[in-house]
Amino acid sequence: MPAHHQKYFVVEGNIGSGKSTFLKVINTFLNAQVVYEPHTKWQNVAGENLLERFYADTGRWAYTFQTYAFITRILERERAALSNMHPFQILERSVFSDRYCFAQNCFELGLMTALEWKLYQEWFAWLVDQYMVKPSGFIYLQTDPKICYKRLLKRNRPEELSVTLEYLQQLHDKHEKWLIHKDGVVEYIRETPVLVIPCDAEFETDRDMQKAHMSKIIDFLEVQYEIPGALSARIEMLV
Ligand code: TTP
Ligand code: MG
């Protein structure tokens, strides 16, 4: 099916909130194609580690990083769509979290200049309006920043050593502002439904918790969007 015809949902949440772990659970239980965040691409751009540069000197690289994150997210979804045998896709983050959480935060902290922020917003608005397929819904993993921080330390990615609890708190506030309060969000996605899943409790190793999360997702997908086949295939594992 062509990429622009495919329905997709987005799992959103702070750094370390549990998105990748959540997508693995979806992959086990549901008939959906999961598309992970393309961070390995950011770690090797013609031999350079852009993610590392971004964290090492955010003021210098924020704008550059955001442009590359935008394009790689779109290409990753389209590439995956070409081989998708499932009725829909579920993505890890989107250009919208880039815009409303990460880029916005960089600007507010003075890590993007007013000029860079203006340029970013101009091309973002145009590309989103002219070219993007709208997400059918957001699945927001709402996790206490202190718990995100613990999970981050556990994962121990070298590029993320400079990430502080304070930074995670700022990003958390941005997610809440965007997905819960819909504050300052463009018309384009203001009406897009949001399913909130509290994710403070451990679920990486807790099968019952995983099933409880999946039941919520299934209700969200099937009741609201009537996606045929969403329940099929692996649903028997839920009972
Ligand atoms: P990830 O699922 O990797 O977090 P994320 O995908 O939201 O992060 P990013 O924004 O960078 O993409 O979880 C982070 C770490 O926490 C990982 O090592 C797994 C661990 N973890 C647990 O130990 N228990 C849990 O219940 C969850 C959700 C994650
Ligand atoms: Mg992840």
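Side-chain atoms are counted along with the backbone in the values below, which use heavy atoms only and exclude waters and symmetry mates. Just follow the structure's listing: the first ligand is 1, and inside any ligand the first atom is 1. Numbering starts at 1 and runs along the sequence shown.
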Show me which atoms of ligand 1 lie under 4.0 Å from any heavy atom of [X].
X      : answer
Glu202 : 22 (C), 23 (O), 24 (N), 25 (C), 26 (O)
Ile15  : 10 (O), 11 (O)
Glu37  : 12 (O)
Phe203 : 25 (C), 26 (O), 28 (C)

From atom 22 (C) of ligand 1, work out which of Lys19, His39, Glu204, Arg157 has a heavy atom at the shortest distance.
Glu204

Among Ser97, Ala201, Ser20, whose heavy atom sits nearest atom 6 (O) of ligand 1?
Ser20

Once you restrict to heavy atoms under 4.0 Å, what part of Arg93 touches ligand 1? Side chain, backbone, both or neither.
side chain

Just heavy atoms, cut-off under 4.0 Å: does Asn14 contact ligand 1 by side chain, backbone, both, or neither?
backbone

Do any of the N/O/S atoms of Glu92, backbone or side chain, fall under 2.8 Å from the Mg ion (ligand 2)?
yes

Is Ser20 close enough to the Mg ion (ligand 2) that one of its N, O or S atoms comes in under 2.8 Å?
yes

Is the distance between the ring centroids of [X] and [Y] under 6.0 Å?
X      : Y     : value
Phe88  : Phe9  : yes
Phe124 : Phe70 : yes
Trp61  : Tyr55 : no

Please confirm whether Gly13 comes under 4.0 Å of ligand 1, counting heavy atoms of the residue only.
no

What residue and heavy atom of the protein are closest to [atom], and at what distance?
atom                    : answer
atom 12 (O) of ligand 1 : Glu92 OE2, 3.0 Å
atom 23 (O) of ligand 1 : Lys154 NZ, 2.5 Å
atom 27 (C) of ligand 1 : Arg151 NE, 3.6 Å
atom 1 (P) of ligand 1  : Thr21 OG1, 3.7 Å
atom 17 (C) of ligand 1 : Arg155 CB, 4.3 Å

Heavy-atom pair of closest approach, residues Lys19 and Gly13:
NZ-O, 3.1 Å

SB check Arg73 Glu76 (cutoff 4.0 Å):
no

Main-chain N/O of Glu204 paired to Glu202 side chain as donor or acceptor, under 3.5 Å:
yes

Assign the ring pair Trp117 / Phe107 to parallel, tilted or perpendicular, where the plane angle (0 to 90°) is split at 30° and 60°.
parallel

Evaluate Gly16 for polar contact with ligand 1, using N/O atom pairs at a separation under 3.5 Å.
yes

Contact (N/O only, under 3.5 Å) between Gly18 and ligand 1:
yes

Would you please say whether a donor-acceptor pair under 3.5 Å links the side chains of Gln6 and Arg77?
no

Side chains of His86 and Asn31: do they bring a donor and an acceptor to under 3.5 Å?
yes

Is it the case that Lys134 places NZ or CZ above or below the six-membered ring of Tyr188, under 6.0 angstrom from the centre and within 45 degrees of the axis?
yes

Answer yes or no: does atom NZ of Lys146 have more than 12 heavy-atom neighbours from other residues, nucleotides or ligands under 6.0 Å?
no

